[in-house]
Amino acid sequence: MRWSNLFVPTLRDDPADAEVASHRLLVRAGFIRQLTAGVYSLLPLAQRVRLKVCQIIREEMNRIGGQEFLLPAIHPGEAWKESGRWEVMGDNMFRLRDRRGADMCLGMTHEEIFTIIARNAINSYRQLPQVWYQIQTKFRDEARPKSGLLRVREFTMKDAYSFDTDRAGLDKSFQDQYDAYCAIFTRCGLKYTSVEASSGAMGGSQSTEFMVRTDAGEDLIAVCEKCGYAANVEKAISRIATIADEEGPAAPEEFPTPGVRTISDLTTFPGGAAADCQIKTLVYSLDDKLALVLMRGDHELNETKLIDATGAINVRPAHPEEIREAMGASAGSLGAVGIDSKTHRHIKLIIAEESLRARRNMTTGANKDDFHLRGVAIDRDIRVDRWASLRSVAGGEGCPQCEGTIDVFKAVEVGHIFKLGTKYSESMGARVLTAEGSEVPIVMGSYGIGVERLMAAAVELYNDDAGIIWPASIAPFHAIITPVNIKDQAISDAAERLYRQLESAGIETLLDDRDERAGVKFNDADLIGVPFRITVGKKIKEGKVELFTRSTRASEDVAIDAVEETLRAKLAAN
RNA sequence: CGGGGCGUGGCGCAGUGGUAGCGCACUCGGUUUGGGACCGAGGGGUCGGAGGUUCGAAUCCUCUCGCCCCGACCA
């Protein structure tokens, strides 16, 4: 490809509204343009990268027996009503009506549609297992699109689905996908971490996320360098020091605490208590039923863990009026002592964080404004219905699996694989007959990769002051030839000849045939991130050109006749 | 959805009531030519939109739309 024929609208300045590196650079280097919030046009360079990523994905999916489909992006509302997700997805789903007034939507994912195909055509265990996938556009009306391609409303997803007769089959399909994902991200040149994850609204028993560590990410992952434990903080647990409580009084003692509203207020209040000796009482609405969530004073609730622990769908902190009506006191003086969820008018559940187990001599609200209780022993004084891990782990805490220490990093999720189980096959009636003649729901798995997000993650990982540094496997071109002065006939001819040679050798080459100064061309080449640049300049008289490696910024003289071979070796080494 | 910010030429920005500007980019001519050259001459903007105030509005008022950031939210 000749630069003069390529649409690459590079910008000299950074776009004003781009914050993260991938957004800034992909716009500036002429890869993408925004159409509206969370919706981007991919320009030719970006499309080349996208197709390479898709091809790698396709090859690895096919390698594990995946069959490529292409399902519709527009779905009848009926399909989603059957699975129950028409309601669950809420405002995140783009919805529309057809001319007859029927509910339609744009697909956020394709469990429902693939399940419809499976239930109509698969009746016997003999037809299983199946692994189906597609590379398709997904639509999600995100409340807050941001960070360029990292969080968008329309994007390409590779989504795969496995169909098995039983759990053992699912385990095998899941492992195949796991291995394929590792191969895909490795081939794309990404440094990634696979972590245990919450399966959230997808349902199902087990899920693994593939994360790329970057401060531009919105997820937090906990990792132990020593043993390799890795989990999303929505799932992660840790070892924390146990606290040895004093015996305390035989019964809780109420004491006045005028003006005390927060945990930290009480730590400094005379007669108060350290934060880790307080019980924080949060009131949550779980599917419109109120629950008390008890945390140690210095711990933060992770709402996803609360959702996972309770199975609730609509989870939110209770409103101040709800709290007052239910508890008779306001936030700041709340406590669970004396509340029994079996008989209480409003509170239907008391769930407590694991770190509170067996604690004694604790301080908590008295359910009476401006009063607290001290000397509270959890087991003696509070009727806990459920215990669960509800807190977010913090860096520096102990690894749950070894003697190591946990680090917490920001990361972006580029892939997610789920063991769905029978959630969709049961709700939508996809069943097969087993060898024994009994009818069972198909056991499913679901496996996704965000293609543009993967591209953006690569840019986050690999960039410098001059621009993008693409891994060779997904770079828009393998090499760029930069004739230093197009008007110098010897240079221009040599560049042209080399270009033809490399192209016919199957090395994807961009010839910068623009009549621009060398500096402009160098800067543009650096910006768009082509892995290797061949500079054709004065040394052509000696039959030499310069080979510049984008990632190291190292330059070496190479005989023009040796360029193809040298490049081929360097590309193979990548 | 709450809070904050911003909408002026392709990009980045200035312009507090009196003829819409600057830098970059673009076009033409010339000089240059190894890390975003220089000189000269040009083209390009209903100032996001609607309504209002005023002799006169990019500028003041009202409404509205859009975008960005923080939070909430989120396979």
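First the proteins, then the strands, lettered A, B, ... as listed; each starts at 1. This structure is a prediction, so every number in the text was calculated from the model and none was measured.
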Subject >> Short side-chain N/O contact from Gln34(A) to OP1 or OP2 of G66(B), under 4.0 Å >> reply: no
Discussion item. Under 3.5 Å, is there a donor on one side chain and an acceptor on the other for His110(A) and Lys138(A)?
Written reply: yes
*Close side-chain approach of Trp3(A) to Ile480(A), heavy-atom, < 4.5 Å*: yes
Arg144(A) side chain near C70(B) phosphate (N/O to OP1/OP2, under 4.0 Å)
yes
Practice item. May I ask you to verify if any side-chain N or O of Thr36(A) is less than 4.0 angstrom from the OP1 or OP2 atom of C67(B)? Key: yes
When Arg316(A) and Glu546(A) are each assigned the nearest nucleotide of RNA chain B, the 5'-most assignment goes to Glu546(A)
For this session: Indicate the ring-plane relationship of Phe94(A) and Phe139(A), choosing parallel, tilted or perpendicular according to the 30° and 60° boundaries.
Result: perpendicular
Just by distance, do the side chain of Arg119(A) and the backbone of Met428(A) share a donor-acceptor pair under 3.5 Å? yes
Quiz prompt | Presence of Lys521(A) side-chain N/O under 4.0 Å of U33(B) phosphate oxygens OP1/OP2 | solution = no
Q.
For Gln175(A) and Asp179(A): C-alpha separation, side-chain torsions, deciding distance, then whether side chain to side chain donor-acceptor pair (under 3.5 Å) applies.
A. CA-CA 6 Å; Gln175(A) 186 62 42; Asp179(A) 295 341; 3.0 Å; yes
Checking N1-N3 plus N6-O4 or O6-N4 for Watson-Crick, or N1-O2 and O6-N3 for wobble, each under 3.5 Å, the partner of G7(B) is C65(B)
Which of G34(B), C68(B), G12(B) is nearest the side chain of Ala16(A)? It is G12(B)
With sequence neighbours left out, the residues meeting side chain to side chain donor-acceptor pair (under 3.5 Å) with Lys235(A) are none
Contacts under 3.5 Å, N or O only, protein and nucleotides 29-32 of chain B:
| from | atom 1 | to | atom 2 | distance (Å) |
| --- | --- | --- | --- | --- |
| U32(B) | O2 | Arg517(A) | NH1 | 2.8 |

Measure all distances between protein nitrogen or oxygen atoms and nitrogen or oxygen atoms of nucleotides 20-24 of chain B, and list the pairs falling under 3.5 Å.
| from | atom 1 | to | atom 2 | distance (Å) |
| --- | --- | --- | --- | --- |
| C24(B) | O2' | Arg12(A) | NE | 3.3 |

